[in-house]
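Here the structure comes first, spelled out in structure tokens, and everything after it is commentary.
In what follows, chains carry the letters A, B, and so on, assigned in the order in which the sequence lines appear, proteins first and then strands, with residues in each chain numbered from 1.
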Protein chains: 2
Amino acid sequence: MTGDRLHTEHGNERKEQLLRAAEQLFTERGYGAARISDICAAAGVAKGLFYWYFPTKESLFAELVRTMRHQLRRTQAAAMEPSADPVTRLRQGAEASVRFMAAHQTYFALLDVERLDAALAPVMREGSDVYASDVRRLIVDAQRQGLVPDGDPTFYVVGVLGAVSSFGHAHRAGRLQIPIDDLAAAVGRWVTDAVARPADAVRALTPTTGADAP
Amino acid sequence: MTGDRLHTEHGNERKEQLLRAAEQLFTERGYGAARISDICAAAGVAKGLFYWYFPTKESLFAELVRTMRHQLRRTQAAAMEPSADPVTRLRQGAEASVRFMAAHQTYFALLDVERLDAALAPVMREGSDVYASDVRRLIVDAQRQGLVPDGDPTFYVVGVLGAVSSFGHAHRAGRLQIPIDDLAAAVGRWVTDAVARPADAVRALTPTTGADAP
DNA sequence: ACCGGCCCTGACCGATGGGTCAATCCTGGG
DNA sequence: CCCAGGATTGACCCATCGGTCAGGGCCGGT
């Protein structure tokens, strides 16, 4: 909690080295499955050295997360024109976030559920594609009937499932204190509007050019 | 993988008992932190018995998740009128999902990141409210200027953050194969539209009537 | 009564891996 | 040249926990 240990320049490099190795392994195997000894091995140092730079495994993780958030924050701030109206700023912030996340996939992957406990990942993933394909069917149907503008259906699928799960999560966490009937209705409208409306928003999206995903 | 062991009626009750105890503890302490011995203690049985009903800790978890998903699926199906148009069905499915998740908070909490590794939860949560309050400020400003319809700002906040993170996640996972510039633009529009448009969608939302959540 | 197969117990095992430590190396300043 | 203290090592410690097992009770059928 108090001032961190004082390191020489070389020391800081080492620390950075460990951070990068950890980031890599956390992303590949998940936080739990990445052993400290692995991290050290990957960084080419002995296990004991880890504790010269970090008091605990969690603290390293925390440092990664904080760095990431801090950078994102600055990027967002930089992307928003101070003179613009709030909604524009919102849009700029959102765009910047998406770009930033894409540019730092490795970092952000750390936060994905799948990466936290590698063993549980399959269980949780299994079956979640069922919803996806259900929704996809509906979307495609709707597009065929002209109810939903053309564009990569996957985009809409992600949007719809994401909305439902986000609102659900927020409500469950007590962050969204709204009578359930109202919430359900609001989410329903939100989804409908989002899907049926933004006529040309997704217009020019490269429509998933066939086989190239794993 | 083959046929599960055959249980008497009493056996099934016991199993159900263990499932409920586990559900409870996973929700409270997180999957990792809930020890099998705890679960057994909570159910009032000896640890050895656990393995009479479940081959492993993960398998119990898997069973919980599957049950939950199965029920949700049926509920969704029941909520969608077969004769309705796709968009309506989409809306009905979304509403049903939100309601279902609310009615089974305990179950769904299992899937929340925070519950998987209790130790990491604080690290990940810390600072995430910063974004929320940023976005909130923008929303409130926009509402003041009439750019965004009135209604609980939190609802919009959740929607915006949820969208950004969902699309980000999908892209990162390779589920959304779209050039990043297009994606950023699309998400920007998606957010803007969602926030600025649904004039009366959130109209009658009880604006956070203070204290009534646990 | 006897048997078989559910059901239940709690001590025990074994691996795993985070964390410690005494000893050593290395480097720069005096 | 020598000392201080950062940097580094790898063997070691040990609490933890999922999983095992040998044994024993309960109950219904014959």
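- When the side-chain nitrogen and oxygen atoms of B/Tyr51 are compared with OP1 and OP2 of C/dC8, none of them lie within a distance under 4.0 Å.
- OP1 or OP2 of C/dG19 lies within a sub-4.0 Å distance of a side-chain N or O belonging to A/Thr56.
- B/Ile36 comes within 4.0 angstrom of sugar-phosphate atoms only, judged by non-hydrogen atoms across all strands, and of no base.
- For B/Thr8, a side-chain nitrogen or oxygen approaches OP1 or OP2 of C/dC7 to under 4.0 Å.
- For B/His7, no side-chain nitrogen or oxygen approaches OP1 or OP2 of C/dC6 to under 4.0 Å.
- Taking 4.0 angstrom as the limit, B/Arg14 places none of its side-chain polar atoms (N or O) nearer than this to OP1 or OP2 of C/dC6.
- Here the P atom of nucleotide D/dG28 and the CD atom of B/Glu9 are 13 Å apart, to the nearest Å.
- What separates CZ of B/Arg29 from P of D/dC17 is a distance of 11 Å, to the nearest Å.
- Regarding A/Phe50, its CZ atom lies at a distance of 20 Å from the P atom of D/dG6, rounded to whole Å.
- The nearest whole Å value for the distance from the CD atom in A/Glu58 to the P atom in C/dG17 is 16 Å.
- The distance from atom CD of A/Gln17 to atom C1' of D/dA7 is 13 Å, rounded to the nearest whole Å.
- Comparing C/dG19, C/dC7, C/dG10 by their nearest atom to the side chain of B/Ala46 picks out C/dG10.
- Donor-acceptor pairing under 3.5 Å, judged by distance alone, is present between the side chain of A/Lys47 and the base of C/dG18.
- The shortest distance between the side-chain N/O atoms of A/His10 and the OP1/OP2 oxygens of D/dA7 is not below 4.0 Å.
- Note: NZ (A/Lys15) to P (D/dG6) measures 15 Å, nearest angstrom.
- Here B/Gly11 lies in heavy-atom contact (under 4.0 Å) with sugar-phosphate atoms only.
- In this structure, B/Trp52 reaches the C/dC7 phosphate: one of its side-chain N or O atoms is under 4.0 Å from OP1 or OP2.
- B/Arg35 has its CZ atom 16 Å from the P atom of D/dA15, to the nearest Å.
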